[in-house]
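Since the structure comes first, as structure tokens, the remarks are kept for the end.
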Amino acid sequence: MSSHEKNHSEGSPESLLARIEAGDEGGYRDLYLHYYNRLMRYGCSVEPDRDLVHDVIQELFVWLLENGDQLRKVRNLDVYLFRCVKRNVASAARRERRHRLKAQDFQVEGEERSPESRLIGEESRQGRIAWLMQQLGQLPDHQREVLFLRYFENFSYEDIAEIFSVSSQVVRNTVFRAMKNLRRNTSRLESICILGVTAWLALLGG
Amino acid sequence: MDRDRYTDISVEDLAADAYFRDWVFRPTETHDAFWSAFQEESPDKAALVAEARDLVLAVRQYFEGETLDAGTLNLQYEDVKKRVRRRREVLATARVGRRRLFYLTAAAAAALLILYVGNLVFGWLPGYPTVYETSFGERRVIELPDASVVNLNAGSRLVLGKNWRRGDREVWLEGEAYFSVEKKPATRAKFTVHTRGLDIEVLGTQFNVNTKRAFTRVLLEEGKVRLLTREEKPEQRKELIMVPGELADYSPGTGRIDRRQIQKSEAYTSWKNGYLIYEKATIEEVIDDIRSTYGQEVRVADSVLLKRTIRGALPTDDLDEFLHMVETLFKVKAVRSGDHLIILDKPDDHPAQE
């Protein structure tokens, strides 16, 4: 289930589905407006090539328009569309890679952390967030993807499990493992943070 | 909000909690009061809140990216509709109803499936090797599934073994080809070129193979290859390892391998760049090349001509230009007679009589 944090402009998924089922072609347009940014964001968390993801989303809607009855049996629109994008992006990226020279093999996996950025990370909350973002960039792809679904989209473990076609226990474990990876690198910072907060509380109390 | 709900909550769950996230993104006074009180319960809880909050914000900022406005998206949606229209037109011009197309596809798929399963079980088909062929005057650069690159010269044929996918990198060659073989250091998987009577085993290298003459000529530019002859009697079989810059000629008739070191390999490999290099070449050698590159039969009218030699670079993809240069360099005249060309002498003192 999706959170209500995002400002959903054109009505809820349920009402969109109802309009489409009633044969309202404009429903697809609103569906596109409603989902494009979210699907784009998700697609890019799987494959950073924006053009490729854009193409996948467009083709998905072409396919939906051509196969009008597809959405009829859909139980959870969010999960359904995310699942489609995940699958199609993965296969499109595979195709793409087959055509490209293996240039990306020579790219460095994630950037080395510089001592400066570490220092900044220890300075302030905003810096700590920036530092966490850098850590996110270094996680294995699927761990980052799961964190996106869980903490950006705020999907439940069960929904993520459906998107990935695995059991929800596997998703749970992946989230914990990803968090462990983030923490392993932050443990030092964390202790400093706790210290800071304690000091702050002591001040308040005194 | 009931504070007990959060008594033993983990960072992972707190960061996904709707009420908590509401506070992080859109704090109100009620929120603030609740979460401040929660944090004051113990330093542990304060740290928990701090971590969950940083996580949520970091994830948000990391993935936020660019958000397109409704106007842009409306325009984009027109592209979707255009794609749908285009596809409908394509389908309409094909004049096959979708239903019929569906049945046709289904029938074809079923037939293929039956063939495939039948083949697996009964071995109906003999296997389906991949074949690359070039006609005369044509050259091709082929990238093999393992990322090795093969330049295939004119009038040649390269067949890939059918177990390629399983890692047996085997090819059969008739004609001439230049191989740039990708190394497989992890598996040390071999790459083998089979020609008439001779196998060339490779471990990551660049070399030229030419079977267009009566003998098979292998030129090694880089790396290491092993030659194995396939004579009928085991005791006659030979095996040798070539070193870079070496040229080996194998004659299937005698089973002999002649090898020598050469200074410049360019003359043997320049064909892949679209020209042939001649260095004191006789007209006979050039005619050999016309035959193998262009598939054109040539005869020489006067045996006196056979003694002349030339140097120069002649194109592999333009017979007229090639002949023109032969005429100029050898001081001869090429005349067409049926499907043959005949080379005539052209005395020096009567230049350019067309």
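Lettering of chains follows the sequences in order, A, B, ..., and the numbering in each one begins at 1. Both backbone and side-chain heavy atoms feed into the values below; hydrogens, waters and symmetry mates do not.
If you measure heavy-atom distances from B:D69 to chain A, you find no contacts under 4.5 Å at all. For A:Y28, the parts lying under 4.5 angstrom from a heavy atom of chain B are both the backbone and the side chain. With a threshold of 4.5 angstrom between heavy atoms, A:R50 approaches chain B through side-chain atoms but not through N, CA, C or O.
A salt bridge (charged side-chain N to carboxylate O under 4.0 Å, His left out) with B:E12 holds for exactly one of A:R150, A:R177, A:R183; it is A:R183.
For B:K81, there are no salt bridge (charged side-chain N to carboxylate O under 4.0 Å, His left out) partners, not counting sequence neighbours. Every residue was checked against the salt bridge (charged side-chain N to carboxylate O under 4.0 Å, His left out) condition with A:R83, not counting sequence neighbours, and none meets it.
The closest side-chain donor-acceptor pair between B:D44 and B:S42, if any, does not fall under 3.5 angstrom.
Residues A:F155 and A:F82 place their aromatic rings such that the two centres sit under 6.0 Å apart.
Each of A:V175, A:L147, A:D55 has some count of heavy-atom pairs under 4.5 Å with chain B, and the biggest count is that of A:D55. Considering only heavy-atom pairs separated by less than 4.5 Å from chain A, the leading option among B:V56, B:N74, B:T72 is B:N74. No other option in A:H54, A:M179, A:M40 has as many heavy-atom pairs under 4.5 Å with chain B as A:M179.
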